[in-house]
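Inspection log for the structure reproduced underneath, given as structure tokens.
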Amino acid sequence: DTGVSQNPRHKITKRGQNVTFRCDPISEHNRLYWYRQTLGQGPEFLTYFQNEAQLEKSRLLSDRFSAERPKGSFSTLEIQRTEQGDSAMYLCASSLGAGTADTQYFGPGTRLTVL
Amino acid sequence: GQNIDQPTEMTATEGAIVQINCTYQTSGFNGLFWYQQHAGEAPTFLSYNVLDGLEEKGRFSSFLSRSKGYSYLLLKELQMKDSASYLCATPRGYSTLTFGKGTMLLVSP
């Protein structure tokens, strides 16, 4: 399978713990995006990378959230001191980054439950 | 800013045709995407419109009117597997997507 992959698929944690999610984009894609989705809502943008550079962060991304893409390939999203409000599906997407509004392809997501 | 509106839920019967509408307001327009999302799964790309008119792709068609800030997704010959959420989205610049809340389509026998 050469699509976007995410690990883990599910994560249950206690409030106050740190969690880290991983995303592996489609190999030739140089743009990578993180979104968050709660029940009954569309995905909300969190941050995106062009190669290894983090070009934009949403106001939704508090200082407890950090994302990296160290070699311009896979990316990690870390949430420190998790809160119950962080419970959501975290989606990763990638695109070629051809300069136009290129199509984003999504991974299966990581469902986070904070108890 | 960007604002996208679409109906919350629609129902239809197998074999029928359904039209899912989307209205948008954007500070700059770079096209409109439609995605399909089954429960618990990732959104999958359906269509992208940047010019006015109808684009047909098998059983699915998408229409855009830039002057009206309006798009619709037309699904023909509905099948049970078409039960899903349909998301309308516009790009902000050339990168991030702003999504509507999605329209949950329920197809009944």
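In what follows, chains are A, B, ... by sequence order, proteins preceding strands, each numbered from 1.
Within the 4.5 Å cutoff, no side-chain heavy atoms of Phe106(A) are placed close to those of Gln37(B). Looking at Thr103(A) and Phe33(B), their side chains come closer than 4.5 Å, going by heavy atoms from C-beta outward. Contact of the Tyr33(A) side chain with the Leu97(B) side chain is not registered, since no non-hydrogen atoms from C-beta on lie closer than 4.5 Å.
Scanning residues 63-85 of chain A against chain B with a 4.5 Å non-hydrogen threshold yields no residues.
Open room surrounds CZ on Arg15(A); 12 or fewer heavy atoms of other groups in view lie less than 6.0 Å from it. More than 12 heavy atoms of other residues, nucleotides or ligands sit less than 6.0 Å from atom CD of Gln79(B). With a 6.0 Å radius and a threshold of 12 heavy atoms from other residues, nucleotides or ligands, Leu39(A) has its CG atom at or below the threshold.
Neither Ile20(B) nor Met104(B) shares a network with the other; the hydrophobic side chains, linked directly or stepwise wherever heavy atoms of I, L, V, M, F, W or Y lie under 4.5 Å apart, form separate groups for each. Phe45(B) is connected to Leu51(B) through a chain of hydrophobic side-chain contacts under 4.5 Å among Ile, Leu, Val, Met, Phe, Trp and Tyr, so both are in one cluster. A continuous path of ILVMFWY side-chain contacts below 4.5 Å connects Met80(B) to Phe60(B), so both sit in one hydrophobic cluster. In the hydrophobic cluster analysis, where Ile, Leu, Val, Met, Phe, Trp and Tyr join through side-chain heavy atoms closer than 4.5 angstrom, Phe99(B) is grouped apart from Tyr72(B). Grouping the Ile, Leu, Val, Met, Phe, Trp and Tyr side chains by contacts below 4.5 angstrom, directly or via other members, places Met10(B) with Val107(B).
For a residue to count as touching a neighbouring chain, one of its non-hydrogen atoms must lie under 4.5 Å from one of that chain's; by this rule Gln50(A) does not touch chain B. Contacts between Gln37(A) and chain B at a heavy-atom distance below 4.5 Å involve the side chain alone, from C-beta outward.
Taking each heavy atom of Tyr35(B) and Gln104(A) in turn, the nearest pair found is OH-O, 2.7 Å. The nearest pair of heavy atoms linking Thr96(B) to Tyr48(A) is CG2-CD2, 3.8 Å. The shortest non-hydrogen separation linking Leu87(B) to Gly42(A) is CD2-CA, 4.0 Å. Residues Ala42(B) and Pro108(A) come closest through the heavy atom pair CB-CA, 3.9 Å.
For the salt bridge (Lys or Arg N to Asp or Glu O under 4.0 Å) condition, the pairs that include at least one residue of residues 45-55 of chain B, sequence neighbours left out, are Asp52(B)-Arg66(B).
Atom NZ of Lys101(B) and atom OG1 of Thr38(A) lie 9.5 Å apart (nearest 0.5 Å).
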